[in-house]
Protein chains: 2
Amino acid sequence: MPQLPTTFAALGNATRLAIVERLLAEGELSAGALQADSITPPAMSRHFKVLREAGIVVQRVDAQRRLYSVKPEAVQAIGEWVLNFREFWAGSLDRLDAALKEAE
Amino acid sequence: MPQLPTTFAALGNATRLAIVERLLAEGELSAGALQADSITPPAMSRHFKVLREAGIVVQRVDAQRRLYSVKPEAVQAIGEWVLNFREFWAGSLDRLDAALKEAE
DNA sequence: TCATTAATTACCTCTTACGTTAATTAACAT
DNA sequence: ATGTTAATTAACGTAAGAGGTAATTAATGA
């Protein structure tokens, strides 16, 4: 499991964040379906690699297609990081803790 | 208010994430108090600038000292991003939504 | 005033990130 | 076999990120 800075760094790029958001909203999608027309396929391919290596997405092979989906643990790790500092929120978010635990 | 990719990018560096975590845990601290000995003051200063420009911290001036603290909205924005995709968690995190709203 | 403390800005170096086009690999379909 | 589709790897250029030393600004204190 990669470090949190690595996760944040991977999401710190608008193209990659958009990929992850589409996968979260629509579920598993192929590289082709995720292709943005403002960028070339090789560039997209490298973004997928960054996301894979950061442990944010997993790749599944189906013939020539590469199907991607988000790893729940990655998003959950971010949620838990926020919750780790819930004292900062003056205790108003205590229920988040239980909720995140349930999702495990 | 900066974009989410900018926020993630700012936290995507181990030194800056450590700064933010100390501020969250200990509250307002001066640049000097946050100084890591593995890095020079100028380098730290530039990290503070990145965090300021990303809207993650605010600077307060006290004589020669610069006092930093975390902007709650920034951490909250991350929490809300996670929650925006709560359907992904099979509805088990619905309560997070209410909790984050309370913290506003 | 002059030295000290706190932090930043200027300048330079090196590495990584991100994009492109061209070439390649792999699986299908005819 | 051959062409087509899907995606990646190779090779290359440019820009941004992160670090250092030296110089500078600003406030304090003797």
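When reading the values below, keep in mind they use all heavy atoms of this one structure, side chains included, and skip hydrogens, waters and symmetry mates. Quick caveat, the model's predicted, so the values are computed rather than measured. Letters A, B, ... mirror the listed sequences (proteins, then strands); counts begin at 1.
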Short side-chain N/O contact to C/dA17 OP1/OP2 from A/Asn13, under 4.0 Å = no

By nearest-heavy-atom nucleotide on DNA chain C, the more 5' of A/His47 and A/Gln64 is A/His47

Rounded to the nearest Å, what distance is computed from the CG atom of residue B/Leu67 to the P atom of nucleotide D/dA27?
-> 15 Å

Establish, from distance only, whether the side-chain atoms of A/Arg60 and A/Tyr68 form a donor-acceptor pair under 3.5 Å.
-> no

How many Å lie between CZ on B/Arg52 and C1' on C/dA7, as a whole number?
-> 10 Å

Between CZ of B/Phe8 and P of D/dG17 the distance, given in whole Å, is 18 Å

Given DNA chain D, 5'-ward residue of the pair A/Tyr68 and B/Gly12, judged by closest heavy atom | A/Tyr68

Output for pair (A/Glu21 CD, A/Leu11 CG), nearest 0.5 Å, gives 9.0 Å

Hey, does the side-chain of B/Arg46 have a donor or acceptor N/O within less than 3.5 Å of a partner on the base of D/dG17?
-> no

Out of D/dG19, D/dA6, C/dT20, whichever nucleotide has its closest atom nearest the side chain of B/Ala43 = D/dG19

Does C/dA26 have OP1 or OP2 sitting under 4.0 Å from an N or O in the side chain of A/Arg65?
-> no

Which listed nucleotide (D/dT8, C/dC18, C/dT8) is nearest to the side chain of A/Arg16?
-> C/dC18

Tell me which of A/Ile39 and B/Ser45 sits closer to the 5' end of DNA chain C, going by the nucleotide each one is nearest to.
-> B/Ser45

Whole angstrom is fine here: how far is it from NZ in B/Lys49 over to P in D/dA16?
-> 14 Å

When the distance from CE of A/Met44 to P of C/dT20 is rounded to whole Å, what number comes out?
-> 11 Å

Ignoring backbone atoms, test whether B/Thr40 places a side-chain nitrogen or oxygen under 4.0 Å from the OP1 or OP2 oxygen of D/dG19.
-> no

Working for side chain to side chain contact (heavy atoms under 4.5 Å, CB included), residues B/Lys71 and B/Ile56 | CA-CA 5 Å; B/Lys71 290 176 76 175; B/Ile56 296 174; over 6 Å; no

Between atom CZ in B/Arg66 and atom P in D/dT25, what is the gap in whole Å?
-> 14 Å

For A/His47 and A/Ile19, what are the C-alpha separation, side-chain angles and deciding distance, and is it a side chain to side chain contact (heavy atoms under 4.5 Å, CB included)?
-> CA-CA 9 Å; A/His47 282 306; A/Ile19 290 170; 4.1 Å; yes

Between A/Leu51 (CG) and D/dT8 (P), how many Å, whole number?
-> 12 Å

Determine the contact category for A/Gln35: base if any of its heavy atoms lies under 4.0 Å from a base atom, sugar-phosphate if only primed atoms, P, OP1 or OP2 are that close, otherwise nothing.
-> nothing

Can A/Leu4 be reached from A/Leu51 by stepping across I, L, V, M, F, W or Y side chains whose heavy atoms are under 4.5 Å apart?
-> yes

